[in-house]
Amino acid sequence: MIYAKITGWGKCIPPASISNEDLSQIVDTNDEWISTRTGIKERRVSHVTTAELATVASQHALACAGLKGEDIDLVLLATCTPSTMVANTASLVQKNIGAVGAAACDTNAACSGFLYALQNATAQIQAGMIKRAVVVAAERMTWYVNWAKRDSAVLFGDGAGAVVLEASDEPCGLMGTKTGCDSSDRDILHIGNYGTDMDKYQPAGPSDLLFEGREIFKRAVKGMSEASDDVLSQANLQLSDIDVLVPHQANLRIIQAIQQRLDISDDKVMVNIDKYGNTSAATIAIALCEAVENGLIKPHSNIMSAAFGAGLTWAASYIKWGERVTPIATCDATLPECNQTGLELIEPAVKACQ
């Protein structure tokens, strides 16, 4: 049996942030309103492209694994905010990290994208098609935000996270997974004014995030919980066997509802939504990195992860961690210096939305 062991992990967090107090200068809101409804205190806004975020996260993951770009057979980028559609953004990441000749592909399953991509890369390794892959999730969700709409303006942020997978005979990595999509109600979460369905010769206005929050909440909890139950059954595990829950960071209330449904204690749940908001596909990738960095993930930990996103896609995964929880090496890859505050970065978009 061939397994796809996680041997490297890395993240890229943009330096500029926007606090809840900052947002109160833009829309009719305040820290208490946002915090009690979402658990978010601040979010990051990127001064660089999605490809640059993905590149830095991938470089840190490669160093952590003790590998170079030329060792990689596949670069798989999970994103719904690509830098370019044609050519795909993964090809630019491949170029930037020096993964010469590696396959490169974008995956769009919105917030479920990282788990979808992890399943894809793992299957290719298990089939013997490739030996090593970089799976990276990167998003610039603030690019889509209509800053005049309070309900969506408070939720989203930017960032990237990555893992390196390597073929191994050690039983670890992605050991069970369930992905799916409930497309019957896909319109309750979508981005308007975007894509080739539009008449490109007619003015359409800015792209806009549109969603029905209450309905999404119910469907997210149900979809993520049922997928997690399916994965536990696949892996012949009990709830008590799970050491760490790394859920999609969309809303603290959703995280707590999933936690309650799975009967997992607070000390086993990775939560960082307060710092970053919802970074879509990147949330689980970033949270996984920080769970290792913070010591929540230990050697041989049993990890459950679940996500729900536009489509309406959903996914759950059981990951068995290996022995190593420290990097083989580190690198000094970083983003270019940012000389603006978060509010200054979004000022042109704010004016356009007024």
Side-chain angles (χ1 to χ4, degrees), residues 11-50 52-53 79-81 83 110-111 138-161 189-194 203-214 216-217 248-256 271-283 286-287 290 309-310 334-354:
K11 64 182 181 181
C12 180
I13 306 299
S17 64
I18 301 175
S19 68
N20 291 346
E21 289 80 4
D22 291 334
L23 281 179
S24 68
Q25 301 176 41
I26 301 171
V27 293
D28 181 18
T29 191
N30 56 58
D31 176 64
E32 181 183 9
W33 191 93
I34 299 170
S35 299
T36 55
R37 287 164 174 78
T38 69
I40 301 168
K41 301 294 288 186
E42 62 178 331
R43 67 287 297 147
R44 300 301 177 97
V45 56
S46 180
H47 64 298
V48 300
T49 66
T50 299
E52 290 176 273
L53 294 172
T79 186
C80 60
T81 57
S83 295
C111 300
E139 302 281 21
R140 284 187 68 197
M141 293 303 297
T142 59
W143 189 86
Y144 284 131
V145 169
N146 182 333
W147 298 102
K149 292 189 175 182
R150 178 177 66 174
D151 289 352
S152 57
V154 304
L155 295 177
F156 297 97
D158 305 334
L189 176 55
H190 71 281
I191 293 174
N193 294 337
Y194 195 79
S207 297
D208 200 0
L209 280 158
L210 304 169
F211 64 96
E212 299 176 22
R214 291 183 180 179
I216 290 169
F217 181 96
H248 171 46
Q249 310 285 310
N251 184 300
L252 183 58
R253 290 180 177 180
I254 294 177
I255 294 172
Q256 291 170 337
V271 178
N272 61 7
I273 190 173
D274 55 314
K275 298 187 294 182
Y276 306 132
N278 182 351
T279 58
S280 189
T283 68
I286 294 171
E290 295 196 346
T334 188
L335 297 175
E337 184 178 356
C338 179
N339 297 315
Q340 293 177 286
T341 66
L343 280 179
E344 289 171 340
L345 284 170
I346 67 170
E347 184 177 359
V350 171
K351 289 182 178 178
C353 293
Q354 291 175 342

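Quick note: numbers below take in every heavy atom, side chains included, and nothing from hydrogens, waters or symmetry partners.
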Do you know the tightest heavy-atom contact between [X] and [Y]?
X: Lys275; Y: Glu290; result: NZ-OE1, 3.2 Å
X: Ala16; Y: Thr341; result: CB-C, 4.2 Å
X: Trp147; Y: Ala153; result: CZ3-O, 3.6 Å
X: Ile273; Y: Asn251; result: CD1-N, 3.3 Å
X: Thr279; Y: Met141; result: C-CG, 4.3 Å
X: Leu252; Y: Gly39; result: CB-CA, 3.8 Å

Salt bridge (Lys or Arg N to Asp or Glu O under 4.0 Å) filter on Glu344, not counting sequence neighbours, yields none
Set of residues satisfying salt bridge (Lys or Arg N to Asp or Glu O under 4.0 Å) with respect to Asp151, sequence neighbours excluded: none
For Asn20, run the side chain to side chain contact (heavy atoms under 4.5 Å, CB included) check against Ile34, Thr38, Val154, Asn30 and tell me which one passes. Ile34
Set out, in order, the CA-CA distance, both residues' side-chain angles and the distance that settles side-chain contact (heavy atoms from CB on, under 4.5 Å) for Lys41 and Ser19, then state yes or no. CA-CA 6 Å; Lys41 301 294 288 186; Ser19 68; over 6 Å; no
For the pair [X] (side chain) and [Y] (backbone), establish whether a donor and an acceptor sit closer than 3.5 Å, ignoring hydrogens and angles.
X: Thr79; Y: Ala138; value: yes
X: Arg150; Y: Val27; value: no
X: Arg253; Y: Thr36; value: yes
X: Arg140; Y: Thr49; value: no

With a sphere of 6.0 Å drawn around CD of Glu32, does it hold more than 12 non-hydrogen atoms of other residues, nucleotides or ligands? no
Measure the shortest side-chain to side-chain distance between Glu52 and Ser46 over non-hydrogen atoms and say whether it is less than 4.5 angstrom. no
May I ask you to test the Ile13-Tyr276 pair for a side-chain heavy-atom distance under 4.5 Å? yes
[X] [atom1] to [Y] [atom2] distance, which is reported to the nearest 0.5 Å:
X: Asp158; Y: Ile18; atom1: CG; atom2: CD1; value: 8.5 Å
X: His47; Y: Leu345; atom1: NE2; atom2: CG; value: 8.0 Å
X: Thr29; Y: Leu23; atom1: OG1; atom2: CG; value: 7.0 Å

Between Thr81 and Glu139, is any side-chain donor less than 3.5 angstrom from a side-chain acceptor? yes
Partner set under side chain to side chain contact (heavy atoms under 4.5 Å, CB included) for Glu42, not counting sequence neighbours: Ser17
Taking it one step at a time, do Ile346 and Ile26 satisfy side-chain contact (heavy atoms from CB on, under 4.5 Å)? CA-CA 10 Å; Ile346 67 170; Ile26 301 171; 3.6 Å; yes
Would Cys111 and Asn278 count as a side-chain contact (heavy atoms from CB on, under 4.5 Å) here? Give the steps. CA-CA 9 Å; Cys111 300; Asn278 182 351; 4.1 Å; yes
Do Leu53 and Leu335 pass the side-chain contact (heavy atoms from CB on, under 4.5 Å) test, and can you show the C-alpha distance, the side-chain angles, and the key distance before you say yes or no? CA-CA 8 Å; Leu53 294 172; Leu335 297 175; 3.9 Å; yes
